[in-house]
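What follows is a short report on a single structure.
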Amino acid sequence: MNTKQYIALEKQYVAPNYNPLDVVIAEVQGVWVKDVDGKKYLDCLAAYSALNQGYSHPKVLKAMIDQATKVALTSRAFRNDRLPLLAEKLCTMLDYEMMLPMNSGAEAVETALKAARKWGYVKKGVPSEKARIICMANNFHGRTVTIVSFSTEDDYRKGFGPFTPGFDIVPFGDIEALKKAITPDTVAVLTEPIQGESGIIFPPNGWLKQVKETCEAHNMLLIVDEIQSGLGRTGRLLASSWEDVKPDMVCLGKALGAGFYPVSAVVSSREILSVFKPGEHGSTFGGNPLAAAVAMAALEVLEEEKLVERANELGKFAMEKLSVLKDHPLVKEIRGRGLWIGLELKPEAGGARKYCQALMDRGLLAKDTHHHTIRLAPPLIISKEDLSWGLDQVIEVIAQ
Ligand SMILES: *Cc1c(COP(=O)(O)O)cnc(C)c1O
């Protein structure tokens, strides 16, 4: 079957909730993918940062195969010999006391929201059913009904109500607005450190620190969603650490499974995560031994290959190289940290999608985000040569 035939079949049988670029990937290695017609592409999306370790990393692949031949799933009705080791590794790496394993990113966010509400009732003394959580405009935290309840994106919400109450939305980066939104029943603030899906948007310097201080002053928890920004993407293990902030709870996902398997987690303190008593929260697949073995290998690869430092260095190289576009009449702004770069075009450019299409024709896969921004986020294992080639394609496509 060729590209056309696969696309026709997909259009017939798969719900149309995505509008992908018309490339049908059949084989992968490292940062390169090959489509069913044999054409090669450099991947500069990395599955929204789920592939920080690159496609089909041999070490993670081996861990996955080895574990699959032993035991893949026990459910947490029983214990397994992998989850405790992963928990210790993750908590040690990130300097937290405890973790709670789930599968998708949205489930990690839901877990953090439930923990914060329960913490509010049992520790802070908020009257039952009254807990409120402050969220940011233009956030992205996933697709469940509760999570889209506090989205400000029409597409994510339209037709999906009624929504979950208890959320207050303030502009991202506006500390005064956040302070005004606090009530005696506010139990937490939820934010991304840098907004990914809305176009790699940075808050003002020092804002996250002010949020943390405000949370401490008002006995509220700071929940930071590092599902896309975390595990090396920005050149630090957590993007929060650029601001010297240690959140009360961190949501992780995506690269925790190295592109092999959905693995997510919330890391936090014993005090906070101990609000969950047996039976109050869970997931059939969360913390399964296959997931734990994959995540363990995924974290080891980050360390052994120094991918965090690599993202930092290559990110600087990329931003410097892209600076030739700074004064281009179609370019509004180039924002980036580590290997997470948003190239925002002016409205007169006519949207980022057609540039992504042109890049695809040249053998580079990138994704438009929020209409006018091209997101560049290759796997962190990318070589300087491949990155340089990819950036040349971007520069040429925009220059034309
Ligand atoms: C991708 C993402 C999520 C949702 O993760 P899923 O695994 O798709 O549920 C949540 N928050 C952020 C910041 C993300 O980028």
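Order of appearance sets the numbers: ligands from 1, and atoms from 1 within every ligand.
Residue Ile227 has at least one heavy-atom neighbour below 4.0 Å for each of these atoms of ligand 1: 2 (C), 3 (C), 10 (C), 11 (N), 12 (C), 14 (C). Of all atoms in ligand 1, numbered sequentially from 1 with element shown, those under 4.0 Å from a heavy atom of Asp225 are 10 (C), 11 (N), 12 (C), 13 (C).
Counting heavy atoms under 4.0 Å from ligand 1, residue Tyr48 does not touch it at all. Here Glu197 has no heavy atoms under 4.0 Å from ligand 1, in either its backbone or its side chain.
No side-chain heavy atom of Thr74 sits less than 4.5 Å from a side-chain heavy atom of Asn288.
Between Trp32 and Trp389, the angle of the ring planes lies from 30° to 60°, which puts this pair in the tilted group.
Residue, atom and distance of the protein heavy atom nearest to atom 1 (C) of ligand 1 are Lys254 NZ, 1.5 Å. Given atom 6 (P) of ligand 1, the protein heavy atom at minimum distance is Gly105 N, 3.4 Å.
Taking the salt bridge (charged side-chain N to carboxylate O under 4.0 Å, His left out) definition, one finds that Lys321 meets it with Asp392, sequence neighbours left out. Residues passing the salt bridge (charged side-chain N to carboxylate O under 4.0 Å, His left out) test with Glu313: none are found, sequence neighbours excluded.
The shortest N/O to N/O separation between Glu192 and ligand 1 does not fall below 3.5 Å. Looking at Ala106 next to ligand 1, an N or O pair under 3.5 Å apart turns up.
Counting non-hydrogen atoms of other residues, nucleotides and ligands closer than 6.0 Å to CD of Glu304 gives a total above 12.
Checking atom 8 (O) of ligand 1 against the protein gives no heavy-atom contact under 4.0 Å.
With no hydrogens or angles considered, no side-chain donor-acceptor pair links His370 and Gln195 at under 3.5 Å.
A salt bridge links Lys62 to Asp66: one of the charged nitrogens lies within less than 4.0 Å of a carboxylate oxygen.
Between the choices Gln195, His141, Gln228, the shortest heavy-atom distance to atom 10 (C) of ligand 1 belongs to His141.
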